[in-house]
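These notes are about the structure you will find just below.
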2 protein chains.
Amino acid sequence: MSTPESRTDAGAVYRRYLSAVMLHGHASAKACDLGATDLYALNLLELEGPMTPGVLGARAGLTTGPTTRMIDRLEEAGYVRRVPSPDDRRKVIVEPIGKPVRLDEVMTPAREEIGKILRGYSPEQLDVLFDYFTRAAEAYRQAVDDLRATS
Amino acid sequence: MSTPESRTDAGAVYRRYLSAVMLHGHASAKACDLGATDLYALNLLELEGPMTPGVLGARAGLTTGPTTRMIDRLEEAGYVRRVPSPDDRRKVIVEPIGKPVRLDEVMTPAREEIGKILRGYSPEQLDVLFDYFTRAAEAYRQAVDDLRATS
DNA sequence: TCTAATCTCTTCTTTAAGGAAGAGAAATCT
DNA sequence: AGATTTCTCTTCCTTAAAGAAGAGATTAGA
């Protein structure tokens, strides 16, 4: 925590933490035969809620053809469902399905471990952690928007 | 934070946070034309340090052919470097290069935002956060190993 | 020493995902 | 009402990444 070269340097700790999170996400997805784009879309839906194929495809950086097929894959695998839009019959709404699927199953062990870790903290400490989770999520969400705007 | 259906439910907050992290990682990689597997390998190297192509490929779930080409791509893009193994002249060691490349550049805005957030906490609160980062990284690392063992 | 095993890399083939163009249905606008 | 725009989806083509098989170099073992 002192010298820049130190193995416990704060920046390094944080980078390693992020790498671990990414790695676990990827590994879980791979274990479920979920491609990178599919996972990306799934995360988008989790984070921003149901949206139309058009929006989802645009966010994922896809043209309409691949978007349709990506949603097909997610739907067949049971992650999402297409529902007709109530106000515009051309539109479709893609919404994540709450019911447990393969991905949740695969992620369960890690979630339990994290749960164990979190239960080791006092309520005050948990407040700090969840405050951070909330703020960081918003920061990352914003950063993704900025990235989209740039490119 | 009270009812299970609540929008601020702890589990939901955490899932949304993870989604945001994954999403940002993916978006950053995409902005640098880094494929999913390449990003995966890069995270592996960041987390576990230098390793041989054989190990890296196995960890990434690739056969030897694609492994070589993946390392070629990472090397050309300046993320890693191949160095000969000192004790076995058949082997090569792939190590991440510390110098800033496109990916770091793209991730800078988010890092600064996160830095700002972190600077808002007291030293005691930061201890809690970094304690969590360290433990969680280890938990995720372990979970990835378990996933590999299972499949 | 000489054979077998190990490690990386090359080449060829296959597959999965994405782009382009356009069709069909429904909404919007004049 | 008729024309135009907006959505989603389909089809065909292209491309990027992965598998398979094997070569070349080096180490380990009989």
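Numbered from 1 within each chain, the chains take letters A, B, ... in sequence-line order. These values consider heavy atoms only, across backbone and side chains, with no hydrogens, waters or symmetry-generated copies.
- Remark: of the listed residues B/Tyr14, B/Phe133, B/Phe130, B/Phe133 is the sole one forming a ring-ring contact (aromatic ring centres under 6.0 Å, His included) with A/Tyr132.
- Taking the six-membered ring for Trp and thresholds of 30 and 60 degrees, A/Tyr140 and B/His24 have ring planes inclined between 30 and 60 degrees apart.
- Whole-Å rounding puts the A/Asp38 CG to C/dA17 P distance at 7 Å.
- Relative to the side chain of B/Thr52, the nucleotides C/dT8, D/dG19, C/dG18 differ in distance, and C/dT8 lies closest.
- Regarding B/Glu76, its CD atom lies at a distance of 13 Å from the P atom of C/dC9, rounded to whole Å.
- Atom CZ in B/Arg73 sits about 13 Å away from atom C1' in D/dT15, given to the nearest Å.
- As rounded to whole Å, 13 Å separates atom C1' of C/dC7 from atom CZ of B/Arg82.
- Between B/Asp104 and B/Lys99, none of the side-chain N atoms (NZ, or NE/NH1/NH2) sits under 4.0 Å from a carboxylate O, so this pair counts as no salt bridge.
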Between A/Tyr121 and B/Asp131, is the side-chain hydrogen bond (donor to acceptor under 3.5 Å, both in side chains) condition met? List the steps.
CA-CA 10 Å; A/Tyr121 293 109; B/Asp131 180 73; 2.6 Å; yes
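- Nucleic acid contact for B/Thr67: none, since no nucleic acid atom lies under 4.0 Å from a heavy atom of the residue.
- The distance between atom CG of B/Asp72 and atom P of C/dT11, rounded to the nearest whole Å, is 12 Å.
- With rounding to whole Å, B/Leu56 atom CG is found 15 Å from D/dA18 atom C1'.
- As rounded to whole Å, 9 Å separates atom P of D/dA17 from atom CG of B/Asp33.
- Contact between the side-chain N/O atoms of A/Thr37 and the OP1/OP2 oxygens of C/dG18 is found at a separation under 4.0 Å.
- A donor-acceptor contact under 3.5 Å is formed by the side chain of B/Arg90 with the base of C/dT6.
- Closest-nucleotide positions on DNA chain C for B/Gly65 and B/Lys91 were compared, and the one nearer the 5' end corresponds to B/Lys91.
- In this structure, B/Met70 atom CE and C/dC9 atom C1' are separated by 14 Å, rounded to whole Å.
- One cannot find a donor-acceptor pair under 3.5 Å joining the base of C/dA17 and the side-chain atoms of A/Arg69.
- Checked against D/dT27, C/dT10, D/dG19, the side chain of B/Asp88 finds its nearest nucleotide in D/dT27.
- Checked by distance alone, B/Arg89 brings no side-chain donor or acceptor within 3.5 Å of a matching partner on the base of D/dT26.
- With salt bridges taken as basic N to acidic carboxylate O contacts below 4.0 Å, none links A/Arg16 and B/Glu46.
- If you check every strand for non-hydrogen atoms under 4.0 Å, A/Pro66 touches a base.
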